[in-house]
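These notes concern the structure reproduced below.
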Amino acid sequence: MNKRFAITLSVLPLAMCWNELIFRLSTTKIISWPGALFTLLLALCWGFAGYYFCAWSASPKVNRCLRAILLALTAVPYMVEYFVFVKFKTLYDLNTVLNGAGDVAGSFLADVLHMVFSVSGLLHILLFLLPFLAYVLLVRRFDPARQVNLTRALMAAVLLIFCRSVVMLCLLASPTEHARYRQEYSFEMAVPSFGLMTSLRLETQKALFGSGKTFVTEPTALPAIETQPAPETTQTSASQPTQPTDASEPETTEPQEPESTEIDRSPNVLDIDFAALAERSSGTVSQIDAYVAAQVPSDKNEFTGLFAGKNLIFLSAEAFCAEVIDPDRTPTLYRLATKGIQFTDYYQPEIAGTTGGEYHNLFGMLATYGGRSVRKGVDNTNPMLLSRQLTELGYWSIAYHNNSYTYYDRDYTHNHMGFSQGFIGMGNGMEEYVQQTWPESDLEMIEGTVDQYLDHQPFYAYYMTVSGHSNYSTHENMMSSINWEYVQDLEASHPVKAYLAANMELEKAMTALVDRLEQAGIADDTVIVLSADHFPYGLDDDGALGSLPYLSELYGYNVVNYLQRDHNRLILWSGCLEEHDPIVIDSPTSSLDILPTLLNLFGLSWDSRLLPGRDVFSQAEPLVFNTVYDFKTELGTYISRTGVFTPVSEDVTIPEGYVERMKTVVRNKVNYCETTLETDYFAHVFSQEE
């Protein structure tokens, strides 16, 4: 290989390696074996493949021009994902970027321009474009850019095949990385392991041909948990209501069961023979049928139908977190969180920001299609949505949002969820009640809309709030500014205080809501549910785990993994609960458990085998998991990036094979969320019922 051809062949591979390095150092900061090796080799593969694109013309001038164009174009995805990470503190898959690009550019144009034209933004644009600039200004004159011939084609092919073969051999030698590349693929884990460009290729492949994921036979359930009693306290079953362990909570006892001679403990199932369906179907749908057929349904229990016929108000609260709740500063939120059903170990997985959180809350599934999950979900059959079930029972139902009604296609998605009165946001009616500020007021939204449904019992009102949105400062956030008096004396940084001040508007809104329910005499007949959409990602400039100083300050510990980042608090309250001792759920619980729990509490028709979450009052095994395959159970926590399972305490004995069994369970549940959305599985299931 002569020196001049070496220049031609090496330009693109070196450029790809450079961009991958800069991107990694600027985002996840994860440089570890073997991910760094895979990323380097795959970047070289992309570069050698790009050589052919820039060497087909007989004119060296054309080939040089093509090479310059390709160098500029390959910098674009790195720049886009970098700014996405800066804004949202997580990597967004292709679906989410394409689904939300127009909305972000429209509603957050000022923020986008600020990021792009900041010193850091301009520096990173320069760094990503450096290969292009270096080629045009320096290297281009030394590039012969000859047309490809057999010899040059073979040399490039040999290098490409060599790098690719090394990657494949290393993948075979590393089961964990091989799983991430195939059956446990997720965009957020793939980027640190294989680089951005390869991850985008895998995303495109998934969009065109499906995920290709299969289910693994789950090992038989293992023996019950073995524990040694602690010196002063007794461990209680976390899957059942218990007394609170937090000394700041009021002392409680088990609630009295409803007076009844016998409690119905039959399985929560529909009359569907999934094994028979599996025999009649084929392909992925048949695999899902077989998987569902093997699931053990959860049983009805003493809480089944507790809220039957009651009104429901459900709020997805923008960037809410457990630390917002304070007995003095937010007495209403504290009341709702402690005098209803208490969830002391709750999580909201971060996937695709707000729209992903809404999908978790409403659909009871992980947002495996990122920002397109809700759109795909409403286009699919889904009769178990509360909005559909309650509307069919005669509920007056409606959805509200105090920001743009078209953002994330809500003008389409929320009008196709089954709400009888549709969806109202800023631009199609909400502006009558809410002033145009940034962010808008949750209090104004509640005060303006509550009377629309109070006289239409039973009702179901869904709110997507916005007052808790970033940025968190008194000069960029109207809610932080108007509520500063509540936090100004706190010993905290300005961003943390501004965040808490912004959420005071939610506290005011909830106070107004509860007051109106009590004035109308229907607080005992109304259920309030409040769950976050995602963690407060707007607090920090950085998004890498371990580099979240303000979030760590808010939480009170250094945030170094996704489960720590995504911990939260669920509110589930009704006035009728306040006359009883609080019900405490201290087992690991996530937003995927909201839908099955509410279906059970409202006594609705559903099949527990069809949802990956659990009714928290049932005998189902507690499990929190996310799309990067981290999980938490009663026994401990598994972090997939490190491959380490940490027992919940030294007193817990982990049964042999437990961690591998749970890894299989989690993999199947993630696959289930993805393949059911991909195949419109519920259309297949419920068409068989008719």
* Would you say the side chains of Ser587 and Arg614 form a donor-acceptor pair under 3.5 Å? -> yes
* To do: Assess the side chains of Thr198 and Trp46: does a donor N or O sit below 3.5 Å from an acceptor N or O?
  => yes
* **Exercise: do Asn361 and Ser531 side chains pair donor with acceptor under 3.5 Å** => yes
* Looking at Lys669, Lys632, Arg661, which one forms a salt bridge (charged side-chain N to carboxylate O under 4.0 Å, His left out) with Glu621? -> Arg661
* Asked: Is a side-chain donor-acceptor pair under 3.5 Å present for Glu188 with Thr90?
  -> yes
* Between CG on residue Leu592 and CZ on residue Phe363, distance to nearest 0.5 Å -> 13.0 Å
* Asked: Do Arg375 and Tyr412 meet the cation-pi criteria used here (NZ or CZ under 6.0 Å from the six-membered ring centre, within 45° of the axis)?
  -> yes
* Between Tyr460 and Tyr395, does the ring centroid distance fall short of 6.0 Å? -> no
* Residue pair Thr633 / Tyr658, side-chain donor-acceptor N/O under 3.5 Å -> yes
* Polar side chain donor-acceptor pair, Gln348 to His534, under 3.5 angstrom -> no
* **Tyr92/Phe88 aromatic ring centres below 6.0 Å** => yes
* Would you tell me whether Asn600 and Thr304 have side-chain atoms, one donor and one acceptor, within less than 3.5 Å of each other? => yes
* Do Asp409 and Tyr407 have a side chain donor and acceptor closer than 3.5 Å? -> no
* Asked: Quick check: does any side chain N or O of Asn415 sit under 3.5 Å from a backbone N or O of Asp411, one acting as donor and the other as acceptor?
  -> yes
* **Under 3.5 Å: donor-acceptor pair, side chain of Ser397, backbone of Ser387** => no
* Asked: Looking just at side-chain N and O atoms, do Asp533 and Ser316 make a donor-acceptor pair shorter than 3.5 Å?
  -> no
* Asked: Should the pair Lys213-Glu184 be classified as a salt bridge under the 4.0 Å nitrogen-to-oxygen rule?
  -> no
* Side-chain donor-acceptor pair present, Asp289, Ser281, cut-off under 3.5 Å -> yes
* Does a donor on one side chain and an acceptor on the other come within less than 3.5 Å for Tyr462 and Glu358? -> yes
* **Side chains of Gln205 and Tyr185, donor plus acceptor under 3.5 Å** => no
* To do: Examine Phe303 together with Phe617 and report whether their ring centres are nearer than 6.0 Å.
  => yes
* Asked: If we ignore angles and hydrogens, is there a donor and acceptor under 3.5 Å between the side chains of Ser174 and Thr176?
  -> no
* Output field: ring centroids Tyr181/His178 closer than 6.0 Å -> no
* Asked: Pick one: which of Tyr638, Phe625, Tyr562 meets ring pair (Phe, Tyr, Trp, His ring centres under 6.0 Å) with Phe631?
  -> Tyr638
* Would you check, one step at a time, whether the test ring pair (Phe, Tyr, Trp, His ring centres under 6.0 Å) holds for Tyr291 with Tyr672? => CA-CA 8 Å; Tyr291 168 74; Tyr672 177 76; 5.6 Å; yes
* Measure from NZ or CZ of Lys206 to the centre of the six-membered ring of Tyr369 and say whether it is under 6.0 Å with the direction within 45° of the ring axis. => yes
* Once the angle between the rings of Phe535 and Tyr537 is folded into 0 to 90°, is it parallel (under 30°), tilted (30 to 60°) or perpendicular (over 60°)? -> perpendicular
* Evaluate whether atom OH of Tyr52 has more than 12 neighbouring non-hydrogen atoms of other residues, nucleotides or ligands under 6.0 angstrom away. => yes
* Between Asp615 and Asn301, is any side-chain donor less than 3.5 angstrom from a side-chain acceptor? -> yes
